[in-house]
Amino acid sequence: MTDLLALALDQARAAADRGEVPVGAVVAKDGAVLAAAGNRVEELADPTAHAEMLALRAAAAALGEPRLEGCDLYVTLEPCPMCAAAISLARIRRLYFAAYDPKGGGVEHGARVFDHPTCHHRPEVYGGLREAEAAAMLRAFFRVRR
């Protein structure tokens with residue numbers, strides 16, 4: 001698991017190098033990586049090009065299935081409400097994330113998408129893994145820009 005979160009952190013660093021908010025995501029099944037992505041919102045001029053969305057799309061394409069049952073998602077930041085809804089729709093088995101996002105998160109904060117009675121699927125959620133490392137990367141990124 002830590003290797004997959006390390007890969008997500010590598011994707012986040014690559015996103016920062018491109019001038020994107022440093023968030024990375026990896027989708028894996030049975031320990032094998034299906035997709036890895038970092039944010040590309042600015043590059044693609046697409047507000048939905050979050051790391052999670054890109055990784056979910058690529059994994060679904062790799063499997064040829066819209067549902068990613070049995071797959072796990074590793075993310076460097078607590079997913080926003082949009083990404084949390086997509087995670088539910090994709091039927092992700094387990095969500096692992098690093099830093100919590102009290103301002104924009106949609107899992108443990110804010111909308112708490114998985115807690116709604118209309119949510120069709122709730123993955124197992126494990127937050128705060130390598131939190132200090134991911135949070136430091138985000139702080140450093142925004143410190144330069146503010």
Side-chain angles (χ1 to χ4, degrees), residues 1-18 20-44 46-142:
M1 176 200 30
T2 56
D3 290 341
L4 295 171
L5 195 50
L7 179 55
L9 287 161
D10 289 343
Q11 291 292 320
R13 281 187 277 281
D17 290 344
R18 293 190 302 273
E20 302 278 355
V21 174
V23 177
V26 171
V27 176
K29 185 170 187 174
D30 300 324
V33 174
L34 296 175
N39 275 358
R40 292 189 180 274
V41 171
E42 302 300 328
E43 175 187 343
L44 300 176
D46 178 355
T48 70
H50 292 195
E52 301 96 318
M53 299 295 284
L54 298 173
L56 291 171
R57 290 176 191 148
L63 292 177
E65 297 286 336
R67 283 164 292 288
L68 302 174
E69 294 174 0
C71 293
D72 300 327
L73 177 64
Y74 300 80
V75 183
T76 60
L77 181 65
E78 176 184 348
C80 72
M82 172 186 69
C83 292
I87 290 164
S88 176
L89 291 170
R91 305 294 195 268
I92 288 293
R93 178 179 59 177
R94 292 185 196 105
L95 167 64
Y96 300 93
F97 69 86
Y100 289 91
D101 188 355
K103 186 175 178 183
V107 176
E108 301 288 335
H109 296 88
R112 298 179 190 258
V113 170
F114 303 140
D115 292 342
H116 287 262
T118 56
C119 183
H120 296 289
H121 171 78
R122 177 183 168 77
E124 292 177 33
V125 176
Y126 304 92
L129 308 169
R130 297 182 74 170
E131 179 179 10
E133 183 178 356
M137 188 185 318
L138 286 157
R139 278 193 304 276
F141 177 84
F142 286 112

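Remember, predicted model here, so these are calculated numbers, not experimental data.
- Side chains of F114 and V125 form a contact here, defined as non-hydrogen atoms less than 4.5 Å apart.
- Residues M82 and E52 form no side-chain contact, since every pair of their non-hydrogen atoms from C-beta on lies 4.5 Å or further apart.
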side-chain contact (heavy atoms from CB on, under 4.5 Å) assessment of L89 paired with L56: CA-CA 10 Å; L89 291 170; L56 291 171; over 6 Å; no

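- Ring geometry, Y96 versus Y126: the interplanar angle falls under 30°, so the pair is classed parallel (tilted spans 30 to 60°).
- Of all heavy-atom pairs spanning E131 and A99, the tightest one is CG-CA, 3.8 Å.
- In terms of heavy-atom proximity, L95 sits nearest to I92 at N-CG2, 4.4 Å.
- With N39 contributing its side chain and A51 its backbone, the two residues share a donor-acceptor pair below 3.5 Å.
- Using a 4.5 Å heavy-atom cutoff, the side chains of V21 and V41 are not in contact.
- The shortest heavy-atom contact between G38 and Q11 is N-OE1, 3.4 Å.
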Step by step, work out the side-chain contact (heavy atoms from CB on, under 4.5 Å) result for L5 and E133. CA-CA 11 Å; L5 195 50; E133 183 178 356; over 6 Å; no

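- You'll find the side chain of D72 stays beyond 4.5 Å of the side chain of E124, heavy atoms only.
- A distance of 8.0 Å separates CE in M53 from SG in C80, rounded to the nearest 0.5 Å.
- Not a single donor-acceptor pair under 3.5 Å links the side chain of T76 to the backbone N or O of A8.
- Of all non-hydrogen atoms in L54 and A37, the two that sit nearest each other are CB-CB, 3.7 Å.
- Side-chain N or O atoms of S88 include one that pairs as donor or acceptor with a backbone N or O of H121 at under 3.5 Å.
- A distance-only check finds no donor-acceptor pair linking the side chain of R40 to the backbone of D46 [under 3.5 Å].
- Taking 4.5 Å as the limit, every side-chain heavy atom of P22 sits out of range of all side-chain heavy atoms of R13.
- More than 12 heavy atoms of other residues, nucleotides or ligands lie within 6.0 Å of CZ in R18, so this atom counts as buried by the packing criterion.
- Remark: K29 NZ to R93 CZ distance equals 8.5 Å, nearest 0.5 Å.
- Annotation: the span from L77 atom CG to L138 atom CG amounts to 5.5 Å, rounded to 0.5 Å.
- In this structure, E20 contributes its side chain and E43 its backbone to a donor-acceptor pair below 3.5 Å.
- When every heavy atom of C71 is checked against every heavy atom of V27, the shortest pair comes out as CB-CG1, 4.0 Å.
- The distance from atom CG of L73 to atom CZ of R94, rounded to the nearest 0.5 Å, is 13.0 Å.
- The minimum heavy-atom distance linking E78 with D101 is given by the pair OE1-N, 2.9 Å.
- Rounding to the nearest 0.5 Å gives a distance of 13.0 Å between CG of L9 and OH of Y74.
- Using modelled atom types, one side-chain atom of H116 and one backbone atom of A111 make a donor-acceptor pair closer than 3.5 Å.
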